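Please read the structure below before turning to the comments.
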2 protein chains.
Amino acid sequence: MMQYLPSHGYEFTNCSSIIRNLVYDHGGGDLSANSEAKVAAEAEAKAAAACNRHSEAERRRRKRINGHLATLRGLLPNTVKADKASLLAEVVRRVTELKKVAAELESTGMDESEGYYMIPSENDELELTYVGEDSSTKKIMIKARICCEDRPELIVELTRALGSMHVKLVRTEIGTLGGRIKCVLWVQVSSVTKDQGLQELRRALKVVTDRASLMDLPRNKRPRGSDTCV
Amino acid sequence: MMQYLPSHGYEFTNCSSIIRNLVYDHGGGDLSANSEAKVAAEAEAKAAAACNRHSEAERRRRKRINGHLATLRGLLPNTVKADKASLLAEVVRRVTELKKVAAELESTGMDESEGYYMIPSENDELELTYVGEDSSTKKIMIKARICCEDRPELIVELTRALGSMHVKLVRTEIGTLGGRIKCVLWVQVSSVTKDQGLQELRRALKVVTDRASLMDLPRNKRPRGSDTCV
DNA sequence: AGAGACACGTGATTC
DNA sequence: TGAATCACGTGTCTC
């Protein structure tokens, strides 16, 4: 650890301009009048004061900057002993990370969860959006936005439709209002191209939104509760 | 804009140690032998070289630090003209923001969406967790984790149960497997205390998980599709 | 002219 | 010893 206490007593007036002034005084002081010496002394004092203000301002500025750096040290883990450059490098890394995450949220529309977007509209809707490809897993992400009349079987139908594909339901958001339902699904599709994924998913979901009956299925596979009557 | 080109030619050797050496040379140089002058010259040259290395290293250090600062300027919007301190203040703000968002995701368990957590278990479950209070809106966030037998009316019942309370469904995640369903709800409750919110929500959701019949409701309020037979 | 911001070289300190 | 880091005061430039 370094401390850098002000061990050398630089506290006051170490300004070279003063020294310069002193030199000038020494050179021509003997011939000058008393008033001239006074003027010189005044000038010297003034310069010294200005110099002090300057160095003090610079001290304040440094303190401000280092204060922020200290704050960042406190914010980021394992940077207590890091030097300034390394600390800033780490900060750059984190901010980059933040930007990436934020951009991802933006592009997936995952920040649309509040309010407006989740309110069902009056018109039926089946909109698929290609979100992107995960660089590491090479899997395609597709966002599906569905809006239609609400009915109890809907969720089961959706689950069933997705289950028929090689997909992973990453996230679901559902909003209902006045008997209508809005459903946004984030689906991860593997091993297919973008167009294939969009096409297959659209076909699967269209079955649901078109109110396709589940009654074609064998009885023991039908969702419980939807056919308990009879 | 400031440029701070190296307008004053500080490029080489402005080390006061050299000046000091020169002063000493001037003081006792006349009486010394040639070899002594050589030694002095060597020492001077050595000191000058060391001094150069020092100032160059410092220059490199500054360059590294300022390089990171420039990177941060590029990363953050509207910081092109900001001075160092303001830039760092903005960086602190952003990193704090990042930490807050990350902590929120952590505490709400919103990062549990993948894999394990959304797989329904074999046992029924109704677990409510107090997530926290939004500092700005003063609203309570509760996470409800439900696991039970799947049935088509479930979602409608849930929606209905929540609709009977003054709550806002912020986020929903649903996972189904083998006829069972796991459902995690993030619910924002307003105008009640933590305990009130937990209690009311638990009562409302228990009705659902206990398979309470909806048939007590007036016919026109029953969810469509669940009672079309008769 | 006066305050603020920056780069610079330097001495002190640590490893 | 030497390399690296830091705080410091200073000169210079801008507004």
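Keep in mind that what you see is a predicted model, and the values were worked out from it rather than measured.
By the side chain to side chain contact (heavy atoms under 4.5 Å, CB included) test, B:Arg53 is found to be paired with B:Ala49, B:Ala50, residues two or more places apart in sequence or in another chain being considered. The salt bridge (Lys or Arg N to Asp or Glu O under 4.0 Å) search around B:Glu90 returns B:Arg93, not counting sequence neighbours.
As a whole-Å value, the separation of A:Leu88 CG from D:dC6 C1' is 14 Å. One interatomic measurement links the two molecules: CD of B:Glu56 to P of D:dG2, which rounds to 16 Å at whole-angstrom precision. Distance CG (A:Asn52) to P (C:dG4): 15 Å, rounded to an integer number of Å. One atom, NZ of A:Lys81, and another, C1' of D:dA4, lie 16 Å apart when rounded to the nearest Å. Separating the CG atom of B:Asp83 from the P atom of D:dC13 is a distance of 20 Å, rounded to the nearest angstrom. Nucleotide C:dG4 holds its P atom 14 Å from the CD1 atom of A:Ile65, rounded to whole Å.
Judged by distance alone with a 3.5 Å cut-off, no donor-acceptor contact links the side chain of A:Glu58 to the base of D:dC8. Side-chain N/O atoms of A:His54 and base N/O atoms of D:dG11 include a donor-acceptor pair closer than 3.5 Å.
Nearest to the side-chain atoms of B:Lys84 among the listed nucleotides C:dC6, C:dA5, C:dG9 stands C:dC6. Residue B:Arg59 places its side chain closer to C:dG9 than to any other of D:dT5, C:dA5, C:dG9. Closest to the B:Arg60 side chain, of the nucleotides D:dA4, C:dG9, D:dA7, is D:dA4. Here D:dA7 is the nucleotide among D:dA7, C:dA1, C:dA5 with the atom lying nearest to any side-chain atom of A:Arg62.
Considering OH of A:Tyr130 and NZ of A:Lys143, their distance stands at 14.5 Å, rounded to 0.5 Å.
When the nearest nucleotides of DNA chain D are assigned to B:Lys46 and A:Ala85 by heavy-atom distance, the more 5′-ward of the two goes with B:Lys46.
Using a 4.0 Å cut-off, no side-chain N or O of A:Arg61 falls inside it from OP1 or OP2 of C:dA3. Phosphate contact (OP1/OP2 of C:dG4, side-chain N/O of A:Arg64, threshold under 4.0 Å): absent. Remark: A:Arg53 is in phosphate contact with C:dA3, judged by side-chain N or O atoms under 4.0 Å from OP1 or OP2. Within the 4.0 Å cut-off from OP1 or OP2 of C:dA7, at least one side-chain nitrogen or oxygen of B:Asn66 is found.
When all heavy atoms are compared, the tightest approach of A:Leu128 to A:Arg202 is CD2-N, 3.7 Å.
Looking at B:Arg145, its side chain never comes within 3.5 Å of a backbone N or O of B:Val184 through a donor-acceptor pair.
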